[in-house]
Amino acid sequence: CTCRDINSMCGHSTSVDTTRVVCMLRRMSPPLLDVPTPRPVIVALCGYQKHGKTTAARYLERHLGYHRSSFADPIRAMLIAQGCPASAFSEDGKDVPRDELCGMTPRMAMESLGDWGRDRAPDFWIRAWDRTLPQAPLVVIDDARYDLEAAAALGVARRRSADFVMIEVVRPDFSHGTSHGSNRIPVGPAGVDVAYVVNDKSPDRLGRAVVEGHDGAGPAALFRFDRYVAATISAGLTPGHTLGDGIKAMDAVAAEVLP
């Protein structure tokens with residue numbers, strides 16, 4: 001079933017977000033299609049405080065089945081172990097002083113604890129994050145702030161042979177937030193083009209813009225055959241079809257889309 005087939009069934013001539021369609025088909029019972037696991041993708045979101053990174057990540061989580069991860073997850077876990085409830089780390093709760101944190105706000109406590117770890121080793125929290133990162137095929141990181149974090153996200157993509165995309169979320173009508181060193185925009189790793197999306201306070205429009213940026217994801221490393229850029233395609237045959245059928249279908253697609 002190709003994107004064109006899905007368009008025909010839906011009665012639309014415009015392109016369809018095939019990743020979303022595949023996720024929808026998998027959730028049906030029984031499954032409508034025998035589709036392979038999607039190619040791994042790592043999405044790294046950056047941007048200033050309260051510009052919409054987490055909102056965008058939640059959109060990918062809800063609509064495309066991404067696993068949401070944060071470099072700050074180990075820091076939050078330590079503060080929760082101190083007795084601070086997980087609910088205190090919501091956007092509305094981050095700036096409310098907490099008795100469990102001796103009168104500090106969760107944001108201040110996270111900034112202080114983050115500095116403590118980075119003073120001991122620049123990648124202190126990155127290593128803690130990497131050790132707990134699940135082997136999910138689709139991962140969105142909602143808080144890439146430091147250059148080392150952006151490089152670490154790309155490193156995970158390369159290690160997993162995953163596509164990688166880095167997106168900066170910008171909210172023009174909002175301030176940049178605190179002056180703490182963690183409230184920053186990292187430099188994109190060498191060879192990575194950073195996409196930009198504007199947050200106009202509409203979560204749905206922001207999410208769709210991020211999906212468009214996500215559609216520009218490319219492989220973290222280019223594979224080559226005989227000095228030409230090459231791609232490896234993995235798939236499973238649906239019942240009733242042979243390998244020859246699959247090769248013919250691939251040849252037809254190649255003849256249509258390759259120069």
Side-chain angles (χ1 to χ4, degrees), residues 1-29 32-33 35 38-73 76 86-87 89-95 107 134 136-145 150 153 157 162-177 183 185-186 188 192-218:
C1 182
T2 66
C3 183
R4 182 180 293 104
D5 295 332
I6 294 169
N7 280 330
S8 299
M9 289 190 290
C10 296
H12 297 295
S13 59
T14 57
S15 62
V16 170
D17 182 345
T18 53
T19 303
R20 182 183 301 172
V21 170
V22 166
C23 288
M24 291 169 60
L25 296 175
R26 275 206 189 91
R27 287 196 293 266
M28 292 180 179
S29 181
L32 181 61
L33 292 180
V35 288
R39 177 180 173 85
V41 180
I42 305 293
V43 177
L45 299 178
C46 61
Y48 291 109
Q49 289 173 357
K50 298 184 178 181
H51 274 220
K53 301 184 298 295
T54 299
T55 300
R58 285 175 176 158
Y59 187 94
L60 293 181
E61 186 178 35
R62 284 196 310 270
H63 295 280
L64 296 184
Y66 272 73
H67 173 87
R68 183 161 56 94
S69 178
S70 305
F71 284 107
D73 283 343
R76 273 192 290 268
S87 59
F89 298 95
S90 66
E91 280 303 318
D92 294 333
K94 280 184 183 178
D95 297 310
R107 189 185 302 278
L138 304 175
V139 176
V140 55
I141 303 162
D142 66 3
D143 65 345
R145 294 189 176 94
D163 291 347
F164 180 75
V165 62
M166 187 169 171
I167 301 174
E168 180 181 343
V169 181
V170 181
R171 185 175 170 182
D173 67 327
F174 206 77
S175 69
H176 286 176
N183 187 26
I185 306 296
V192 174
D193 293 327
V194 181
Y196 297 87
V197 299
V198 175
N199 180 5
D200 65 356
K201 297 185 287 187
S202 166
D204 285 341
R205 281 197 293 270
L206 173 61
R208 288 194 294 270
V210 169
V211 169
E212 290 176 4
H214 153 282
D215 286 345

### Message
Show, in sequence, the C-alpha distance, side-chain angles and deciding distance for Val210 and Ile167, and conclude whether the side chain to side chain contact (heavy atoms under 4.5 Å, CB included) test is met.
### Response
CA-CA 8 Å; Val210 169; Ile167 301 174; 4.0 Å; yes

### Summary
Sequence neighbours excluded, the answer for side-chain contact (heavy atoms from CB on, under 4.5 Å) partners of Ile185 is Cys46, Tyr48, Glu168

### Query
Of Asp95, Thr55, Asn199, which is the lone residue that meets side-chain hydrogen bond (donor to acceptor under 3.5 Å, both in side chains) with Lys50?
Asp95

### Query
Any salt bridge between Asp142 and Lys53, counting N to O under 4.0 Å?
no

### Query
Who passes side-chain contact (heavy atoms from CB on, under 4.5 Å) against Ala150, sequence neighbours left out?
Met166, Pro186, Pro189

### Task
Under the side chain to side chain donor-acceptor pair (under 3.5 Å) rule, collect the residues that match up with Asn183, sequence neighbours excluded.
none

### Min side-chain heavy-atom separation Phe71-Arg145 under 4.5 Å
no

## Note on the structure
Closest non-hydrogen atoms of Leu45 and Ala57, given as atom of the first, atom of the second and distance, are CD1-N, 3.7 Å

### Query
For Arg76, which residues count as a side chain to side chain donor-acceptor pair (under 3.5 Å) partner, sequence neighbours excluded?
Ser70, Asp73

### Query
Just wondering, do Val211 and Leu60 contact through their side chains at under 4.5 Å, heavy atoms?
yes

### Task
Could I get the full list of side chain to side chain donor-acceptor pair (under 3.5 Å) partners for Arg58, not counting sequence neighbours?
none

### Under 3.5 Å donor-acceptor, Asp143 side chain and Ala72 backbone
yes

### Query
With sequence neighbours left out, what residues match Asp204 under side-chain contact (heavy atoms from CB on, under 4.5 Å)?
Tyr59, Ser202, Arg208

### Task
Measure the shortest side-chain to side-chain distance between Tyr196 and Val169 over non-hydrogen atoms and say whether it is less than 4.5 angstrom.
no

